[in-house]
Amino acid sequence: MNDQTASYLANPEDVHRVLLLYSGGLDTSVMLKWIQDQYRAEVVALTVNLGQPGEDYEVVKGKATALGAVGAFVVDAREEFAREYIAPAIRANAIYGLGYPLFTALGRPLIAKLAVQYARENGCDTIAHGCTGKGNDQVRIESTIATLAPELKVIAPVRSWKMGRDEEVAYAREHGIPLKGGSEVAPYSIDDNLWGRSSEGRWIEELGTAPQDDVFQLVTRPEEAPDQAETLMIDFESGVPVGLDGDRLELVELLERVAAAGMRHGVGIVDHIEDRIVGLKVRDIYEVPAAAILLPAHAELERLVGTIHQNQFKSMLDQRWAYLVYAGLWWEPLRTDLDAYMEAANQYVTGRVGVKLFKGSARVVTRESPYAVYDAQLATFSESGGLFSQEASPGFIELWSLQSRMAWQVRNRA
Ligand code: ARG
C-alpha cells in the first residue's frame, strides 16, 4: 500500500537504487550520502550540463564517486537544450511576468527527461532531486517524471529531511563531504544555464533592499560598462538566430557569444517579483544577457514580417506558451499545439537585426528582412502610389468610425 500523498512518491522499502540529480553543491552532496544511509540504497549520480558558466564537470563527477556513488555520469545537453528548448522559447517571445525569460523553467523538463533515461539505463527504481517544497522546480521535475515514466518513483529529501543549512554543514563535516569555500556566509541560491542565471535568498528577500553588487557574477554593473557602445548584427532564419556579425554559428556558440557581449555592456539585469505556481510571491535577481538581446531582436523582426492581425493574435498565444512552461507543463499537448503555431508564424521571420548595447541597455537600431510587410516608398509622407491611395482614406474613415459615431449619438441624445 502506498501511504504517500502522491502515487509517484516512493515508499522507503521499495527504494533500492536511486538516480540522483547531482549538481555538486551542498544539498545534493549531503543527499548523496544521506540516501545511502537512510534507504540503504545505491546511488547513481547524474549531472546535466546545460551551459552553467564556470562549472568543472570532472570535479563534480569525482566528488560523486568519492561520496560513494556506484555510477557518476555527466551529460552535455547544451545542444539539445539550445535547439529543442531555447529556440522554441525565442519563437514564442517567451517571457513570464515582467521579465523572466524562463531559463530555469526550460531546463527542468530536459534535466528530468535525462534523469528518466539514465535511471532506466542503470536499473534505478527511484529518482531523487534537490528541490525544496516551496518552489516551482519540484513541480517541473516531478510532473516530467510522472508523465514520462509512471514506473519510476520519486524522493525529494530536502522536502522531508528538515535540516537547515547549519545542520547540513554539520552533516557534511561529520561525513567528510568537502565544503566549497567558506561555510560561514550562506550563499545565494543560484540556478544557471546558457539562457540565464537566477539568484535568490539573503537580502533579495527584503523587497526594500536594492541589489547589492556581489550578486552580479555574470553581468558587469552598467556603471562600469565601456563608454563605447557596440552594435551586434544578428541574423535570423525562420525565427531562430543563426548568425552574429556576419559569422554563421551553431546556436550554442551564438548564445555564448551574444551573452558575452551583453555581459560586457551590463545588459540583462532583471529584479523580479514573481507569482509562483505554488502560491508564493518570490523575488529573484536575474542575469540574462543573451535573452535580453535576442528576445527583443526576434520580436522586432517578427512584427516586421507579420501582419497586424498575426501580431495581435500571436502575443496572446506567446503568453499562454510562457505560462505553460513556467507552470511545469512542458509535456502538455497544448504546448506542442502552440509550438506548431509558433513555427508556422515564424516561417518568414528571416532577416537581420542590429542591437546597440550601451551601459545596461540593448536597443534595436536596425532591421531588414526580405519578407518585411513594409514599403519604404509607401511609408513616406504625402506621396500616393502603388498599393496606397490617399483619395480612398476618407471613405475608409467614414465606415471605420461608423459604429463609434452611432453609439456616441445614441448615448448623447439630450
Ligand atoms: N523563480 C524562477 C523559476 O521559478 C527561478 C528558480 C531558480 N531555481 C533555483 N533552484 N534557484 O523558474
Side-chain angles (χ1 to χ4, degrees), residues 20-31 47-55 60 81 85-86 88-89 92 94-112 115 127-144 154 156-159 165 168 180 186-205 207 211 215-219 268-292 295 319 321-330 332 335:
L20 168 65
L21 281 168
Y22 183 62
S23 70
L26 177 66
D27 289 334
T28 53
S29 293
V30 166
M31 204 172 293
T47 306
V48 182
N49 174 358
L50 295 184
Q52 300 87 310
E55 192 68 83
V60 175
F81 184 47
Y85 295 78
I86 298 177
I95 291 279
Y96 179 72
L98 297 180
Y100 171 38
L102 295 170
F103 53 89
T104 298
L106 291 162
R108 295 313 188 207
L110 174 54
I111 290 172
I127 292 173
H129 63 73
C131 306
T132 74
K134 284 192 164 181
N136 299 317
D137 290 330
Q138 55 176 346
V139 183
R140 297 164 181 152
I141 287 180
E142 293 178 17
S143 63
T144 297
V154 171
V158 175
R159 256 188 332 224
R165 193 186 144 74
E168 281 189 52
K180 251 197 238 161
Y188 296 107
S189 163
I190 304 293
D191 186 59
D192 55 5
N193 62 42
L194 275 176
W195 199 226
R197 166 187 158 94
S198 87
S199 304
E200 295 173 354
R202 292 175 54 183
W203 56 264
I204 299 169
E205 289 162 6
L207 304 189
V215 76
F216 299 116
Q217 296 292 318
L218 289 183
V219 175
I269 294 173
V270 179
D271 182 340
H272 199 239
I273 304 206
E274 206 160 282
D275 288 307
R276 285 190 179 171
I277 48 180
V278 292
L280 304 168
K281 283 193 198 289
V282 174
R283 182 187 186 197
D284 280 83
I285 301 294
Y286 294 129
E287 293 169 87
V288 291
L295 289 176
Q319 249 196 31
W321 193 96
Y323 181 61
L324 283 180
V325 172
Y326 183 78
L329 298 180
W330 180 263
E332 154 64 42
R335 201 268 307 162

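Numbering of ligands and ligand atoms starts at 1, following listing order. Numbering starts at 1 and runs along the sequence shown.
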May I have the N/O to N/O pairs between ligand 1 and the protein that fall below 3.5 Å, each with atom names and distance to one decimal?
residue, atom, partner, partner atom, Å
ligand 1, 1 (N), E274, OE2, 2.7
ligand 1, 1 (N), D284, OD1, 3.2
ligand 1, 1 (N), Y286, OH, 3.1
ligand 1, 4 (O), N136, ND2, 2.7
ligand 1, 4 (O), R140, NH1, 3.4
ligand 1, 4 (O), R140, NH2, 3.3
ligand 1, 8 (N), D137, OD2, 2.9
ligand 1, 10 (N), D137, OD2, 3.1
ligand 1, 11 (N), S189, OG, 3.4
ligand 1, 12 (O), Y100, OH, 2.5
ligand 1, 12 (O), R140, NH1, 2.8
ligand 1, 12 (O), R140, NH2, 3.0

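- In this structure S189 satisfies the side chain to side chain contact (heavy atoms under 4.5 Å, CB included) test together with E200, sequence neighbours excluded.
- Considering Y286, Y326, Y96 in turn, Y286 is the only one that fulfils the ring pair (Phe, Tyr, Trp, His ring centres under 6.0 Å) rule with F103.
- Legend: residues meeting ring pair (Phe, Tyr, Trp, His ring centres under 6.0 Å) with F216, ordered by chain and number and at least two apart, are absent.
- Between R283 and I204, the shortest heavy-atom contact is CD-O, 2.9 Å.
- Contact check for R140 versus I111: no side-chain heavy atoms found under the 4.5 Å cut-off.
- Y85 meets the ring pair (Phe, Tyr, Trp, His ring centres under 6.0 Å) test with W330; sequence neighbours excluded.
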